[in-house]
Amino acid sequence: MNADRQNGLSFVNVLLLFYYELYSTVFYVSGVSNALYKQWISDTNFENVSNWDKGRVPCANDQVYFQHNQKASVYVQSTHSIVEMCLPMDGELILAFGAGFAGSEGDSDPGCEGGGDRITFQDPNRYQWYDPTLWRAASTPDDLENGRFQFSVHEESVPCEHDDVIFRPDSSFRVSTDSAVSSMPVKTVSIMEKKFSREEEFAHYLQSGSGKLQFHGSGTVQVTNRRCSESSGCDCGNTANHERICAALHQHSQCPLLECRSPLTPIGHCCGICGAIVSLEYSPDFNVESYRNRLLHLFLSLPSYGGVRMAMSKVPRPQSFLGLVLREDESEIQVVLLEEGSGSKAEALAWEIMKDIQSQGSSLGIVKGEVHTSTGSHDSGQGGSVDGGMIAGAVIGVLLALVGLGSLVVLFTRGIIRVPSLSSLQFVKKDSDLDNLGDSIDKGFDNPMFDTSSNLPADVHGLYSGSEALKSISITNSGIHFTNPAYDETDFTA
């Protein structure tokens, strides 16, 4: 029975490997490289209850009110009976086929018993381009249609430079493009089933009446129609707006409480996670989409890893000590494995990925893999690379030595540490010679400009005498010294 089971599993693995190779080859030939379709979720539709202050669509006996200075593009899908409607100075109503408005005498419609109020359209300026909760991503338009969305870190949840942006055809919208950068490049933009792929064409649309009502803010969305040309993937390009993205996220909710011991914060993410991060050093042979598909079909498709979400992207390599880059390559592939709860399944998957890297990494274009988990464990698998930790240790040692040398120079300069002169070294006495002050006293060297009083030993004579001389002369175990009022006498007798 066990042999049959093993043969069955081997057959399944062979099928998965065959399917992976076929699927990844199709992606490689087509040139697809980490670009996604990002769809805007929010709308300014008339039938959307969240767009009205009463939390419901206007009824037949309601007074519909738009702020007079409100700018809005509103899509109307059906016919509505209303008592009256106050429109804004600058706005538009987009009527679907068969949609419209009819006057009402104030009679209540069935199911509209709560009517009879003035109902106000909510401020549409509250929707922000850099709000990660207002976008959903998928690999294809069909995946968007069927709800097969792709998980990404928060920076990449909003449109990246090589993404296709889609606004749903049967809807209206208004989005703030306030940004830390003036230009916000994307590959294409689709609005009302019209796809803009040329920069001049989309720029002209932004200047139209509808374009001004739909887009507003300091940044400008720019259509480039550029694909990512690197097989290892391209940077998203939203790092400059990281703080703005996180601030928009936290307007809706704070980061969730985590059960794991050592939460991880992936690059480009606003919150800690329970799970694992696998960082990959890659060679020119690495293909990010092929490797993504390998992980999806060999691991994430297994029931044992159900509930684990994966995000893969190219990110800047973390800076080392004091901002020094220890390796020549400036980027790496970040694989984020996220799971609700303790993250144990995600961690188990990370170790499986490491085993796969150790056995197949060279054929996949992976030079080295490194895993960090939310339980604090850490390991690496490599196919030939210099260990950054050893280099970091050497660099830190050199820097500490330079800091120590600089500190000594500062101490010498400020006089805190003094170097004895050669002349003072010539008169150093042995400890035994200074035990008895009655022995000969070191008088230093003769100076004709000074002399001592008669109260001093007989052999000390000269020009300097009297009480003033006594005040200026100090006799210590080391000899005769002239005192300096700028220094405490105890400095010499210590």
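Here the structure is a predicted model, which means the values were calculated and not measured.
- Side chain of Arg168 to main chain of Ile41: a donor-acceptor pair is present (N/O by atom type, distance under 3.5 Å, no hydrogens or angles).
- Inspection of the Glu347 and Ser374 side chains reveals an N or O donor paired with an N or O acceptor under 3.5 Å.
- A distance-only check finds a donor-acceptor pair linking the side chain of Glu339 to the backbone of Lys345 [under 3.5 Å].
- The shortest non-hydrogen separation linking Asp43 to Ser171 is CB-CB, 4.0 Å.
- For the residue pair Ser331/Tyr282, the side-chain donor-acceptor check at 3.5 Å is satisfied.
- When all heavy atoms of Pro132 and Ile245 are compared, the pair lying nearest together is CD-O, 3.6 Å.
- The minimum heavy-atom distance between Ala137 and Leu144, with the atom names listed, is C-CD2, 4.2 Å.
- Between the side chain of Trp52 and the main chain of Glu47, no donor-acceptor pair closer than 3.5 Å is present.
- When atom types are taken as modelled, the side chain of Lys54 and the backbone of Ile119 share no donor-acceptor pair closer than 3.5 angstrom.
- The shortest non-hydrogen separation linking Ser172 to Ser73 is OG-O, 2.9 Å.
- As summarised for Cys160 and Cys234, their two SG atoms remain at a distance no smaller than 2.5 angstrom, missing the threshold.
- Arg56 and Asp117 make their closest contact through NH2-OD2, 3.8 Å (heavy atoms, listed as atom of the first residue, atom of the second, distance).
- What you find for Cys271 and Pro266 is that their closest heavy atoms are O-CD, 4.1 Å.
- Put simply, CG on Asp178 and CZ on Arg244 are 6.0 Å apart, with the number rounded to the nearest 0.5 Å.
- A donor atom on one side chain and an acceptor atom on the other are found under 3.5 Å apart for Thr188 and Asp164.
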Verdict with reasoning, Phe196 to Tyr205, per ring pair (Phe, Tyr, Trp, His ring centres under 6.0 Å): CA-CA 9 Å; Phe196 297 92; Tyr205 177 80; 5.1 Å; yes
